[in-house]
There are 2 protein chains.
Amino acid sequence: MQPTHDNCPCMDDCPLNRALGLIGGKWKMQILCSLYNNGPTRYNQLKKTLDGVSNTVLANALRELEEDRLVTRREYLEVPVRVEYAITEPCKRLIPILDQLGDWSMTL
Amino acid sequence: MQPTHDNCPCMDDCPLNRALGLIGGKWKMQILCSLYNNGPTRYNQLKKTLDGVSNTVLANALRELEEDRLVTRREYLEVPVRVEYAITEPCKRLIPILDQLGDWSMTL
DNA sequence: CGGCATCCCGAAGGATACTG
DNA sequence: CAGTATCCTTCGGGATGCCG
């Protein structure tokens with residue numbers, strides 16, 4: 001008896017859909033891309049670079065990315081306080097895959 | 001003078017964000033995955049396989065996927081009418097990349 | 001400086017009924 | 001059979017102000 005393949009592995013929560021959820025937010029790609037290009041960046045600098053993002057959205061995106069281990073948040077106890085965000089090693093491994101995705105979309 | 005890298009290439013509409021938009025809809029991955037696993041599939045069969053999707057959502061997703069050349073829609077003028085959806089060649093080239101994305105998310 | 005609290009809006013997603 | 005039409009809900013995203 002052959003496998004029916006009636007159901008698709010994506011039906012319930014699959015790794016692929018999880019991945020898409022992690023990077024699917026509206027500003028998340030820009031954030032990761034900017035941190036990748038510019039290295040560790042302070043909150044307000046990041047906000048300036050991503051022109052047009054609001055505080056609520058940027059803060060939420062950063063917190064989610066941190067929870068998902070895609071960026072790190074380092075707080076330096078100076079006066080005034082300094083906070084720097086940077087991408088993690090796992091996130092760096094993601095970049096080449098994203099490059100392929102970009103290349104693919106250009107062949108459409 | 002070195003490049004400033006102040007701006008990220010994702011700031012305006014980049015290929016990567018376009019790609020994420022194409023496959024980012026809620027049921028799109030399941031649709032593509034099912035069509036990939038099961039081959040050309042009729043509308044109602046697809047709807048049964050993707051348990052829980054409504055007509056509006058499924059029809060919209062399929063139309064968008066067709067516009068974006070990720071699936072084909074073939075209409076057979078029988079009685080009653082028969083419509084089969086299938087993934088395109090460009091879409092098949094996408095699959096290995098998505099596999100990598102899935103693998104990556106499992107290493108997190 | 002680096003956010004959080006609040007309020008708001010439009011788009012995405014969904015349920016249901018109906019039709020060519 | 002393969003959808004559209006209609007209406008409704010939810011939620012991601014956004015603007016603004018304030019605070020530790």
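Residue numbers begin at 1 in each chain, while the letters A, B, ... track the order of the sequences. Owing to the predicted nature of the structure, the values given are computational and were not obtained by experimental measurement.
- Taking atom OH on B:Tyr43 and atom P on C:dG20, their separation rounds to 17 Å, with Å as the unit.
- With rounding to whole Å, B:Glu75 atom CD is found 10 Å from D:dC1 atom C1'.
- A donor-acceptor pair is defined here as one N or O able to donate and one able to accept, closer than 3.5 Å; no such pair exists between the side chain of A:Thr72 and the backbone of A:Thr88.
- Side-chain N/O atoms of B:Arg73 include none lying less than 4.0 angstrom from OP1 or OP2 on D:dA2.
- Closest contact between the side chain of A:Asn44 and the listed nucleotides D:dT4, D:dG13, C:dC1 involves C:dC1.
- Under the 3.5 Å distance criterion, the side-chain polar atoms of B:Trp104 are left unmatched by any main-chain donor or acceptor of A:Ala19.
- When each of D:dC1, C:dC1, D:dG14 is scored by its nearest atom to the side-chain atoms of A:Val81, the top-ranked nucleotide is C:dC1.
- Phosphate contact (OP1/OP2 of C:dG3, side-chain N/O of A:Arg63, threshold under 4.0 Å): absent.
- Using a 4.0 Å heavy-atom criterion, one finds that B:Val83 contacts the sugar-phosphate atoms exclusively.
- If you check D:dC1, C:dT16, D:dA15 against the side chain of B:Arg42, the one that comes closest is D:dC1.
- Contact annotation for A:Tyr85: backbone-only contact, meaning every heavy-atom pair under 4.0 Å involves sugar-phosphate atoms and none involves a base.
- The closest side-chain donor-acceptor pair between B:Gln45 and B:Thr49 falls under 3.5 angstrom.
- If you measure from atom CD of B:Glu84 to atom P of D:dG3, you get 12 Å, rounded to the nearest angstrom.
- Distance from the side chain of B:Val57 is smallest to C:dG14 among C:dG14, C:dC4, C:dG3.
- In this structure, B:Val81 and B:Arg42 approach most closely via the heavy-atom pair O-NH2, 3.7 Å.
- The separation between A:Leu20 atom CG and D:dG12 atom C1' is 17 Å, rounded to whole Å.
- Open room surrounds CZ on B:Arg69; 12 or fewer heavy atoms of other groups in view lie less than 6.0 Å from it.
- When distances run from any side-chain atom of A:Pro80 to the nucleotides C:dC4, C:dG14, C:dC1, the shortest one goes to C:dC1.
- Of the candidates C:dG14, D:dG3, C:dG2, the closest approach to any side-chain atom of B:Trp27 belongs to C:dG14.
- Closest approach to the B:Arg82 side chain among C:dG2, D:dA2, C:dG14 is made by D:dA2 (side chain taken as heavy atoms from C-beta onward).
- Between the CG atom of B:Asn60 and the P atom of C:dA15 there is a distance of 14 Å, rounded to whole Å.
- In this structure, B:Ala59 and A:Thr56 both approach DNA chain D, and ranking their closest nucleotides by distance from the 5' end singles out B:Ala59.
- For the pair B:Lys47 and D:dG3, the criterion of a side-chain N or O lying under 4.0 Å from OP1 or OP2 is not met.
- One atom, CG of B:Asn55, and another, P of D:dA2, lie 11 Å apart when rounded to the nearest Å.
- Between the CD atom of A:Glu64 and the P atom of D:dC11 there is a distance of 14 Å, rounded to whole Å.
- When the nucleotides C:dC4, C:dG14, D:dG14 are ranked by their closest atom to the side chain of B:Ser54, C:dG14 comes out on top.
- Rounding to whole angstrom units, CG of residue B:Asn17 and P of D:dG13 are separated by 12 Å.
- Inter-residue side-chain proximity for B:Leu22 and B:Leu94 is flagged as unmet; no heavy-atom pair is nearer than 4.5 Å.
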